[in-house]
Amino acid sequence: MRALADADNAAFLQRYFKTGPGQYGEGDRFLGIRIPALRKLARELRGLPLVDAAELLGSPFHEERGLALMLLVDAYERGGEPEREAIYRLYLRSTAHVNNWDLVDSSAPGIVGAHLAGRDRAPLLELARSSDLWERRIAMVATLHLIRRGEVDETQRIARELLGDRHDLIHKAAGWMLREMGKRDIGAVHTFLREHAHEMPRTMLRYAIERLPEPMRRRYMTQKQPAED
């Protein structure tokens, strides 16, 4: 990975992922490796022992954590029940290292969502109530796996839990999941919007209605309270 590093790209990525003081990715470090190169490495390293993937996930470098998550998602998909349980437990112990939106979005559905699909969903609500931004985003984005199975109730439950969240990255995630939900159950989206459009953060609402016909988008936007989010 060090041989693939690119200082110019690393500088760009550190700006793109908001790593400055007070920003959501404060202090993160980048090697400057592009996603296609990481995916190639993930294919070459398929089957890496879990203990090594865990060590990689603890790296200070963003791309190394991203590679670890690619490997873990792949291992979860191919593994038996003991391996899946171990990966899920490792993931929940390691959320401090799943600490940017791309890391969450590439891993939460395939590990957390997949693991809870046939189990009690209470861990999602616990994550949604966390003080940690990334755990709350994990809770929301994990429901993408359930949406793809045609299950939309959990998406609505977590989105309701996050209506009062103050962070833009949560607003975007919730709106995105509601929009994805509409691909499976448009009626459920309209029910949710009729109940909550007036109180949804503006970004969440805009993301949720993005694919709706223009007249419907206008109607829901007029329900939004004029006060600042």
Side-chain angles (χ1 to χ4, degrees), residues 13 15-19 23-25 35 66 69 73 95 98-114 116-117 121 124-229:
L13 290 171
R15 293 191 300 271
Y16 181 75
F17 283 103
K18 309 297 184 186
T19 63
Q23 295 181 311
Y24 61 74
I35 292 296
L69 291 167
V73 169
T95 54
V98 189
N99 57 347
N100 216 308
W101 57 264
D102 63 316
L103 302 178
V104 171
D105 297 357
S106 65
S107 61
I111 297 177
V112 178
L116 298 178
R121 313 290 170 74
L124 289 178
L125 193 58
E126 294 175 16
L127 288 166
R129 291 174 174 171
S130 171
S131 61
D132 182 78
L133 163 65
W134 305 117
E135 291 191 349
R136 300 198 305 276
R137 187 167 175 115
I138 286 169
M140 191 71 257
V141 177
T143 70
L144 181 59
H145 182 87
L146 305 177
I147 292 170
R148 289 168 175 166
R149 290 164 49 99
E151 301 177 36
V152 300
D153 289 350
E154 210 62 46
T155 298
Q156 296 177 77
R157 182 163 77 123
I158 301 303
R160 287 190 189 97
E161 186 69 26
L162 296 172
L163 282 171
D165 203 284
R166 302 302 299 174
H167 205 291
D168 186 61
L169 287 174
I170 300 300
H171 303 169
K172 291 177 179 178
W176 170 29
M177 289 303 104
L178 291 169
R179 187 177 71 227
E180 290 297 313
M181 185 176 80
K183 296 176 182 178
R184 297 284 182 163
D185 190 340
I186 191 63
V189 171
H190 286 300
T191 297
F192 188 94
L193 291 171
R194 283 194 295 269
E195 293 176 359
H196 299 293
H198 69 283
E199 60 181 336
M200 291 170 69
R202 193 170 299 277
T203 298
M204 185 188 298
L205 179 57
R206 288 188 183 279
Y207 271 56
I209 65 177
E210 190 175 65
R211 301 281 179 85
L212 298 181
E214 176 61 25
M216 289 184 180
R217 295 203 302 272
R218 287 200 303 269
R219 187 173 77 237
Y220 285 125
M221 287 304 297
T222 60
Q223 295 178 30
K224 180 75 182 80
Q225 296 295 331
E228 290 293 326
D229 293 329

Side-chain donor-acceptor pair under 3.5 Å between Glu135 and Thr95, yes or no?
yes
Gap between atom OG of Ser130 and atom CG of Leu125 - 0.5 Å precision:
11.5 Å
To the nearest 0.5 Å, what is the distance between CD1 (Ile158) and CZ (Arg129)?
8.5 Å
Which residues share a side-chain hydrogen bond (donor to acceptor under 3.5 Å, both in side chains) with Arg149, sequence neighbours left out
Glu151
Leu212 vs Leu193, side chain to side chain contact (heavy atoms under 4.5 Å, CB included): CA-CA, chis, key distance, verdict
CA-CA 12 Å; Leu212 298 181; Leu193 291 171; 4.0 Å; yes
Quick check: closest heavy atoms across Ala173 and Val141, and the distance to 0.1 Å?
CB-CG2, 4.0 Å
What distance separates Ile209 CD1 from His190 NE2, expressed to the nearest 0.5 Å?
10.5 Å
Of all heavy-atom pairs between Arg148 and Arg184, which one has the smallest distance, and what is that distance?
O-NH2, 3.0 Å
If you round to the nearest 0.5 Å, how far is OG1 of Thr191 from CD of Gln156?
7.5 Å
Shortest non-hydrogen contact between Arg137 and Trp176, atoms and distance:
NH2-CZ3, 4.2 Å
Between the side chains of Arg218 and Glu214, is the shortest nitrogen-to-carboxylate-oxygen separation below 4.0 Å, so that they form an ion pair?
yes
Walk me through it: do Arg136 and Glu161 pass the test side chain to side chain contact (heavy atoms under 4.5 Å, CB included)?
CA-CA 10 Å; Arg136 300 198 305 276; Glu161 186 69 26; over 6 Å; no
To the nearest 0.5 Å, how far apart are NE2 in His196 and NE2 in His198?
8.0 Å
Of Leu127, Leu103, Leu169, Val98, the one forming a side chain to side chain contact (heavy atoms under 4.5 Å, CB included) with Trp134 is Leu169
From His167 NE2 over to Leu133 CG, what is the distance, rounded to the nearest 0.5 angstrom?
4.5 Å
Does some side-chain heavy atom of Asn100 sit less than 4.5 Å from a side-chain heavy atom of Tyr24?
yes
Do Ile170 and Met140 have side chains that get closer than 4.5 Å, going by heavy atoms?
no
On a heavy-atom basis, which atom in Ala208 and which in Leu178 lie closest, and how many Å separate them?
CB-CB, 3.9 Å
Glu154 vs Leu116 side-chain heavy atoms within contact, under 4.5 Å:
no
Does Arg211 use its side chain to pair, donor to acceptor, with the backbone of Tyr207 at less than 3.5 Å?
no
Looking at every non-hydrogen atom in both residues, tell me the closest pair between Met204 and Leu162 and how far apart they are.
CE-O, 3.9 Å
Taking all non-hydrogen atoms of both residues into account, name the closest pair between Met200 and Phe192 and its distance.
SD-CE2, 4.0 Å
Between His171 (side chain only) and Asp165 (backbone N and O only), is there a donor and an acceptor less than 3.5 Å apart?
yes
In sequence, state the C-alpha distance, the side-chain angles, and the governing distance for Met221 and Arg202, and then conclude on side chain to side chain contact (heavy atoms under 4.5 Å, CB included).
CA-CA 8 Å; Met221 287 304 297; Arg202 193 170 299 277; 3.5 Å; yes
Check against side chain to side chain contact (heavy atoms under 4.5 Å, CB included), Thr143 and Leu124
CA-CA 9 Å; Thr143 70; Leu124 289 178; 4.2 Å; yes
